[in-house]
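These notes concern the structure reproduced below.
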Amino acid sequence: MSHRHDDPRYPVQKTDEEWRAALSPTEYQIARHAATERAFTGRFWDHWESGVYKCVGCGETLFESGTKFDAGCGWPSYWQAVDDGRVERVVDQSHGMTRVEVRCAKCGSHLGHVFDDGPAPTGERFCINSAAIDFDAAK
């Protein structure tokens, strides 16, 4: 069932003004209003360093570089999250279709969508906006 990105069930809560101050305009539109960056334009779609990808809104670690793969879609793609509790799946019926939106389970930020056309072992493709994540290189 769908619910707002500022639903009180998320542990991290900020006012709209705090979100706007903490995020760039593009990050804000994507993370807080479920916008989407154009394919092949984000900083992480063709990024292959070792490390972890974190939520731009709260810093929660969401994906590891070892699960990233080239899906050919123009967005960073992963075959699994760090663990299921880090991301939330929400039914998205916008734009005349039904998809599964992926949000940060800690702050409710929109990350992208998950599809069932990914590689083994999960068969899933988490298609994530670069503007919704940050990267920490492996130490």
Side-chain angles (χ1 to χ4, degrees):
M1 171 170 284
S2 187
H3 51 279
R4 295 171 17 146
H5 293 271
D6 62 352
D7 189 289
R9 76 181 91 190
Y10 294 115
V12 173
Q13 293 287 314
K14 297 179 184 179
T15 66
D16 189 60
E17 294 76 26
E18 290 170 324
W19 284 117
R20 286 179 185 271
L23 303 172
S24 74
T26 300
E27 291 169 343
Y28 173 79
Q29 286 303 316
I30 290 172
R32 305 313 301 170
H33 293 284
T36 301
E37 63 199 10
R38 288 189 340 267
F40 304 102
T41 64
R43 62 186 169 159
F44 297 126
W45 78 269
D46 192 26
H47 179 262
W48 302 104
E49 275 185 66
S50 293
V52 295
Y53 295 86
K54 298 182 170 199
C55 175
V56 74
C58 68
E60 180 79 334
T61 298
L62 303 170
F63 301 97
E64 295 176 342
S65 59
T67 63
K68 189 171 191 289
F69 69 101
D70 184 358
C73 64
W75 288 277
S77 298
Y78 310 85
W79 49 265
Q80 78 177 20
V82 169
D83 71 50
D84 288 336
R86 305 279 179 108
V87 296
E88 175 183 33
R89 298 166 190 242
V90 179
V91 174
D92 173 7
Q93 295 184 314
S94 64
H95 307 292
M97 62 185 112
T98 300
R99 300 177 290 174
V100 178
E101 177 186 6
V102 179
R103 294 184 187 172
C104 173
K106 193 170 179 182
C107 72
S109 287
H110 171 79
L111 303 170
H113 292 86
V114 63
F115 303 95
D116 62 2
D117 60 358
T122 65
E124 292 188 312
R125 172 175 55 99
F126 288 86
C127 187
I128 305 300
N129 289 285
S130 289
I133 53 178
D134 280 327
F135 178 76
D136 278 350
K139 295 177 171 72

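Counting begins at 1 with the first residue of the sequence.
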Give the minimum heavy-atom separation between Y28 and R20, together with the two atoms involved. OH-NH2, 3.3 Å
State yes or no: do F44 and F69 share one hydrophobic cluster built from I, L, V, M, F, W and Y residues joined by side-chain heavy-atom distances below 4.5 Å, directly or via other members? no
Would you check, one step at a time, whether the test side chain to side chain contact (heavy atoms under 4.5 Å, CB included) holds for V114 with R125? CA-CA 5 Å; V114 63; R125 172 175 55 99; over 6 Å; no
Please report the closest heavy-atom contact between C104 and L62, naming both atoms and the distance. SG-CD2, 4.4 Å
Could you walk me through whether I128 and W45 pass the side chain to side chain contact (heavy atoms under 4.5 Å, CB included) test, one step at a time? CA-CA 9 Å; I128 305 300; W45 78 269; over 6 Å; no
For a side chain to side chain contact (heavy atoms under 4.5 Å, CB included) check, start with the C-alpha distance between V52 and F63, then their side-chain angles and the critical distance, and finish with the verdict. CA-CA 6 Å; V52 295; F63 301 97; over 6 Å; no
Using the six-membered ring wherever Trp is involved, compare the ring planes of F115 and H113 and label them parallel, tilted or perpendicular (cut-offs 30° and 60°). tilted
Give the intermediate values and the outcome of side chain to side chain contact (heavy atoms under 4.5 Å, CB included) for residues E124 and W79. CA-CA 5 Å; E124 292 188 312; W79 49 265; 5.8 Å; no
How far does CZ of R43 sit from CD1 of I133, to the nearest 0.5 angstrom? 7.5 Å
Considering all heavy atoms, the nearest C107-V12 contact: CB-CB, 3.7 Å
Starting from W75, can I reach Y53 by hopping between I/L/V/M/F/W/Y residues whose side chains sit under 4.5 Å apart? no
E60 and salt bridge (Lys or Arg N to Asp or Glu O under 4.0 Å): which partner among R103, K54, K106? K106
Show your reasoning for whether side chain to side chain donor-acceptor pair (under 3.5 Å) applies to S109 and R32. CA-CA 6 Å; S109 287; R32 305 313 301 170; 3.0 Å; yes
Can you give me the closest heavy-atom contact between A22 and K14, atom names plus distance? CB-NZ, 4.3 Å
Are any of the side-chain nitrogens in E101 or R89 under 4.0 Å away from the carboxylate oxygens of its partner? no
Looking only at heavy atoms, which two atoms of T15 and E18 are closest? And how far apart? N-OE1, 2.7 Å
Establish, from distance only, whether the side-chain atoms of E88 and Y10 form a donor-acceptor pair under 3.5 Å. yes
Of the non-hydrogen atoms in S94 and D92, which two are nearest, and what is the gap between them? OG-OD1, 2.6 Å
